Each structure stands twice: as structure tokens, then as C-alpha cells.
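Below, all heavy atoms of this structure are taken into account, side chains as well, without hydrogens, waters or symmetry copies. Since this is a predicted model, take the numbers as computed values, not measurements.
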Amino acid sequence: MTDMILEAGAAPASAAQSPTVHERLQSTLEAARLGGSEKNRAKIKASGKLLVRERLALLFDNDEYVEDGLLARFEDGLPGDAVVTAFGKVDGREVCVIANDYSVKAGTWGNRTFEKITGAQLKADAAGVPIVYLFDSAGARIDEQFESFAGRHAWGNIFYNQVQISGRVPQVCALFGPSPAGSAYVPALCDLTVMVRGNATAYLGSPRLAEMVTGEKVTLEEMGGAEMHCTVSGLGDVLVENDEEAINALRVWLSYLPAHWESQPPLAAPVAPREGRSLEEIVPLREAEVFDMEEFVESLVDAESWFPYKELFAPEMLTGFARIDGRAVGLVGNQPTHMGGSIFPDSSDKAARFIWICNAYNIPIVFLVDIAGYMIGSAVERQGIIRHGAKMIFAVSEARVPRITVLVRKAYGGGYLAMSGAPMNPDAVIALPTARPALMGPDAAVNGIYYNQIHEIEDPVERAAFVAQKHAEYAEGIDVFKIANANAVEAVVPANELRADLSRRLGLYTRRRPAPSERRQAVTPA
């Protein structure tokens, strides 16, 4: 009888062999963190891509983070419902990460997916921390559309939240794989989109759908590949070669930005510019000679701090972040090596968007001007050069962050205004000795003023001498000392002293408070 009585606290043999609730939890968490099947994970690795948690390990400091919804739909065989939502630190600052897990049903969106994504968005906004989207998804699940598409609590809430959050906290996206149909709007609504060459794609309709609807036969890369979007459509801002480069690009971009719109950008230790030619050596005295504005930038800013934005799209306009004596600045410059640095519809859009980003997050802007003006001709008029050009003027005029305009060389016509010329009320206009601001350049001015007289001179030699004389007379009238004498600029600065001058002015102008808006909504040009 006593042999049949169990000792106090002892468990039956069968129970002793079963895992405890703690052991069960541990094994369940480990299984959920693995994501999809071993076969799916192996396929991802074979394609040269990283698994979602390998990406997180590269992004988060020490691979440390807290995660929400890890066990969502685990019992359905869809761990986390194919998305990881987590909070951790990047360079010591808190960020929110929303990352598709392609090993789980190709990273598609289900009814728990959008709940996790929108929940993370709202928490990030409330906490005032940046949001990082790591996208690799085949899109929304058609078989779950009736629960997740048409109601007020549905997939569309993701885009709605992005718009409400825009300008409050930075939102950045890396595309490692597909982002089709509606999900393509996530990168489009972010401040920065990094795309991996050969893997990332974004399109509203697949090549198969396009052929069915329009008869067009096109490859996936032609339809929505990373290189196309970074060079032609402008959806992609940075083109990289692999997942590791994409993560690094996100980390660098975030290092220039504050956590939210009401705080200041982080300062870094000042670094001298890279070694090379001086600014004076880079800028030719003759207007007809071309120079590389990017070389000018890298000789001006802290070494290795230049981070171009949309480098491959509309390259006639240079945009990007850098540091001057450790202070983050946005740079907008004309690039004479591409189309003479003239402003086209795409370059106007590119500059306007970058200016809006800087204005949203308290980044002072330095304009580097060498502009003949907006491009002219029937082709650009049909493309809407006036309409698109107005966007850039609009963005410059409404910017409340400190703006410093540097007249590097020519500054003609409406291009001078778009590049934050004096009538656009920048904090300062600084001219280098090579600066030449005017309504138009000597060639166009002489042809416009003396057109009839020129064509009345029959002797070619006499005609050329007349044009040269008038050219010289006009050029003399736009001498930098004359505009300084008219108090049209704040200062004329030797090129090799420009960096020191900008550093002092940035330190002063960033102390002022931006003027508040006195209207509900400005009507942005279309």
C-alpha cells in the first residue's frame, strides 16, 4: 500500500517525461525565431540573400532588441505571420524595425501582419523614434483579402500611418527582394529607399499581368528592377550590391538625422576634408571650362562624410548629406559634368524632395551654385519643366531651416532663384571670386540684345569682333565686385576660406528658431 503512495511533490512517471511549460515556451520561441522551413531558409541563403534575423543582427547594436508578436500565427505554421516587429538601438539610439520574413510564405501580408506593422508604426511615432522597413515580400495574400482589404482596419492602414508619421520621425526602407502591387507604396512613402541590385523589385503590375492586360512583353528587371528604379523612375535613392551594403547605408543615413522632428541632428567629431586639390584649384576661371562639383564637395566637407542622395537619378543635380566640422548639413549643388548642371524636370523633383527632407528634420542646407538656368526647348516644355520647376522654387521658399547659398560660378535666370538666390531669403548668400550672377549669360544676352545688328553685319570677321566686344562689355557688368558693391551678397570669400566661413555661419544660424507656419496647408505644385 505504501509502495503505491507517491512521495509528496513527486510527479507521475508520464508527467516527469513531459516538458515543463518553461521548456515548452523556450522550444517554441526558438522554433519561431527560425522562421519558415529549413528548405525555405536554405533557398534564401543560396540566392545570396540574408535571413531576416541576420539582417537584424547587422542593424541593431550587439544584436539586442525586444520583439512584439513573435508567436502570432505560430500554431498556423506562420511564425510571426511573416513579419518581425522589433525595437532596439542603432548607434546608441532607439529605432523601430519592421522586417518581412521571406522564409514564411514568401513574406506575404496576412491579417495579423498588418496588425503588427501598424501597431509598431504607432508605437514608434508615440515614442519619437525612427522607423526602418526591411522589405522582402511577395505582397498581400489574396486568400485573406476579405478580412484585410476593404474595412477600416485593413492593409491600407499601413500607408495611412506612413503619411501621418511623415516628417515626424524618419522613415527609411531597404528593399532586399520583391515589393509588388500595393506593398510598393511603402518604399515610395519613405524618406529613403535603398535597393539591392539584382534582387530588389517594385512594381504595381507584374510582367505577366502587363502582358495579359496591355500585350507588353517585358522582363522583371525592366519592369521594376533596382537599377531601373535608381536611374530612371527615381523610386530608389541608393543602389547597393548586397544586403550588408543596404544595412550599412541605412545606418549611415540615420546618423545624420535626429530621432524626431523636434530634436536636433547629432553632432560628430570634426574631421578635416580629404587630401587633394584645394577649392581654388578645382574651380576654373573660365566659364566654358567644366569642373566636377562632387570633387568640390569632398574638398569642402569632413572627410568620408559625403553621402549622396539619388546619385544615379538626374545626376545634373547633386544632393546629399555631409558634415562640416562635425555638423550635419544637406548639400544641393549643380553638377557641370552632366548636362551643364542645368535644371530638368527630374532634377527639380529630386532637389525639392531632398529639401523637404532637410526641412522636416532640422538639417541646414548649403546650396552650391553653378547654374546656367532651367533647360529650355520643346522636349522639356512637354515634360512639364515649368510645373516641375515650380516644385523646387516652392520647396526652397517654404524651407524654415538655415539656408546658405554659395555662388561658386555662374548663377543665371530662374535657376539662380531655384538654387536659393537672394530673393528666396536665405540666411546668407556667399560669393566666391569666380561668381557671376545675372539674368542670363553673356552669350544669350548679346544674342538677345543685338540680334538684328549682328545679322546686319555681312563680313564674318567684323561680325565676330562685334560679338566679342559686346560679350566682354556684358561680362564686365556681372563682375563679383559689382554685386558686392550693390550689397547683393553677404560676403565675397576666398575659395580656400569657404569651409571656415560656412562653419561659423552654421553655428550661428542653427541657433535661431524657425518661424511657425500660419496656414493649414500650402498647395504644392503638381
Side-chain angles (χ1 to χ4, degrees), residues 26 29-36 41 44-45 48-72 79-104 107 113 116-137 158 162 165 168-177 186-187 190-196 199-200 238 240-260 263 265-266 268 307 321 361:
Q26 189 62 36
L29 292 175
E30 290 174 359
R33 291 192 185 102
L34 286 175
R41 299 196 303 273
I44 291 171
K45 297 293 290 183
K49 294 163 60 176
L50 298 177
L51 299 174
V52 64
R53 294 187 186 277
E54 293 176 326
R55 293 167 182 162
L56 295 180
L58 288 176
L59 180 65
F60 284 126
D61 297 348
N62 304 316
D63 192 19
E64 296 177 353
Y65 53 91
V66 295
E67 183 175 348
D68 292 340
L70 172 60
L71 300 184
D81 208 13
V83 67
V84 178
T85 53
F87 289 81
K89 291 184 177 180
V90 174
D91 289 335
R93 298 190 301 163
E94 203 76 35
V95 303
C96 167
V97 172
I98 297 168
N100 300 124
D101 185 350
Y102 200 77
S103 73
V104 179
T113 313
K116 290 179 62 178
I117 293 176
T118 55
Q121 288 175 317
L122 296 177
K123 288 177 184 177
D125 184 34
V129 300
I131 303 175
V132 177
Y133 300 87
L134 304 181
F135 259 50
D136 194 356
S137 168
I158 296 169
Q162 280 189 276
I165 295 168
R168 294 172 56 84
V169 301
Q171 298 183 84
V172 299
C173 176
L175 275 183
F176 302 99
V186 170
C190 281
D191 305 324
L192 176 80
T193 296
V194 179
M195 302 185 77
V196 179
N199 287 334
V238 178
V240 297
E241 300 302 322
N242 52 52
D243 290 16
E244 291 86 351
E245 285 188 25
I247 296 294
N248 185 63
L250 296 181
R251 291 182 67 103
V252 173
W253 174 272
L254 289 172
S255 73
Y256 293 103
L257 298 175
H260 57 87
S263 60
F307 187 94
F321 288 139
Y361 301 115

Item to complete: Please round to the nearest 0.5 Å and tell me the distance separating atom CG of Leu50 and atom CG of Asn242.
Response: 8.0 Å

Discussion item. Tell me the closest heavy-atom pair linking Leu71 and Ala32, and the distance in Å.
Written reply: CD2-CB, 3.8 Å

Practice prompt. Evaluate the criterion side-chain contact (heavy atoms from CB on, under 4.5 Å) for residue pair Val240 and Met195; output intermediate values, then yes/no.
Written response: CA-CA 6 Å; Val240 297; Met195 302 185 77; over 6 Å; no

Fill in: Close side-chain approach of Val172 to Leu254, heavy-atom, < 4.5 Å
yes

Fill in: Rounded distance (nearest 0.5 Å) linking atom CD1 of Ile98 with atom CD of Gln171
8.5 Å

Worksheet item: With a 4.5 Å heavy-atom cut-off, do Leu59 and Val90 have their side chains touching?
Response: yes

Worksheet, complete the sentence: Taken to the nearest 0.5 Å, the spacing of Leu29 CG from Leu70 CG works out to 5.5 Å

Worksheet item: Heavy-atom distance under 4.5 Å between the side chains of Tyr361 and Pro170, does that happen here?
Response: yes

Discussion item. Applying salt bridge (charged side-chain N to carboxylate O under 4.0 Å, His left out), can you list everything that pairs with Asp191, at least two apart in sequence or on another chain?
Written reply: none

Worksheet item: Which pair of heavy atoms, one from Ala120 and one from Phe87, lies closest together, and at what distance?
Response: O-CZ, 3.9 Å

Worksheet item: Which is it for Arg55 and Asp136 under the salt bridge (Lys or Arg N to Asp or Glu O under 4.0 Å) test, yes or no, and what are the steps along the way?
Response: CA-CA 11 Å; Arg55 293 167 182 162; Asp136 194 356; 3.2 Å; yes

Worksheet item: How long is the gap from OG1 on Thr85 to CD1 on Ile117, to the nearest 0.5 Å?
Response: 8.5 Å

Response to the item:
Output for pair (Ile131 CD1, Arg168 CZ), nearest 0.5 Å, gives 10.5 Å

Fill in: Close side-chain approach of Tyr133 to Cys190, heavy-atom, < 4.5 Å
yes

Item to complete: Could you tell me whether Lys45 and Glu54 have a side-chain N and a carboxylate O separated by less than 4.0 Å?
Response: yes

Item to complete: Kindly compute the distance separating CG (Asn199) from CG (Leu175), expressed to the nearest 0.5 Å.
Response: 11.0 Å

Discussion item. When you compare the side chain of Val196 with that of Glu241, does any pair of heavy atoms fall below 4.5 Å?
Written reply: no

Discussion item. Which residues pass the salt bridge (charged side-chain N to carboxylate O under 4.0 Å, His left out) test with Arg251, not counting sequence neighbours?
Written reply: Asp61, Asp91

Worksheet entry | Residues forming a salt bridge (charged side-chain N to carboxylate O under 4.0 Å, His left out) with Glu64, sequence neighbours excluded | none

Worksheet item: Is there a side-chain contact between Ile247 and Leu134 (heavy atoms, below 4.5 Å)?
Response: yes

Worksheet entry | Partners meeting ring pair (Phe, Tyr, Trp, His ring centres under 6.0 Å) with Phe135 (sequence neighbours left out) | none

Worksheet item: Under the side-chain hydrogen bond (donor to acceptor under 3.5 Å, both in side chains) rule, what pairs show up with a residue in residues 92-102, not counting sequence neighbours?
Response: Asp101-Ser103

Worksheet item: In terms of side-chain geometry, is the basic nitrogen of Asp81 or Lys116 positioned less than 4.0 Å from the acidic oxygen of its partner?
Response: no

Item to complete: With the side chain counted from C-beta on, respond yes when Gln162 and Gln121 share a heavy-atom pair under 4.5 Å apart, and no when they do not.
Response: yes

Worksheet item: Salt bridge check: are Asp68 and Lys123 linked by an N-O gap of less than 4.0 Å?
Response: yes

Item to complete: Kindly write out the residues that satisfy ring pair (Phe, Tyr, Trp, His ring centres under 6.0 Å) with Phe60, not counting sequence neighbours, or none if the list is empty.
Response: Tyr65

Worksheet item: Where is the tightest heavy-atom contact between Arg41 and Leu34, given as atom of each residue plus distance?
Response: CD-O, 3.0 Å

Discussion item. Applying side-chain contact (heavy atoms from CB on, under 4.5 Å) to Leu257 and Phe321, what does each step give before you reach the verdict?
Written reply: CA-CA 10 Å; Leu257 298 175; Phe321 288 139; 3.9 Å; yes

Discussion item. Tell me whether Thr193 contacts the main-chain N or O of Pro187 through its side chain, where contact means a donor paired with an acceptor under 3.5 Å.
Written reply: yes

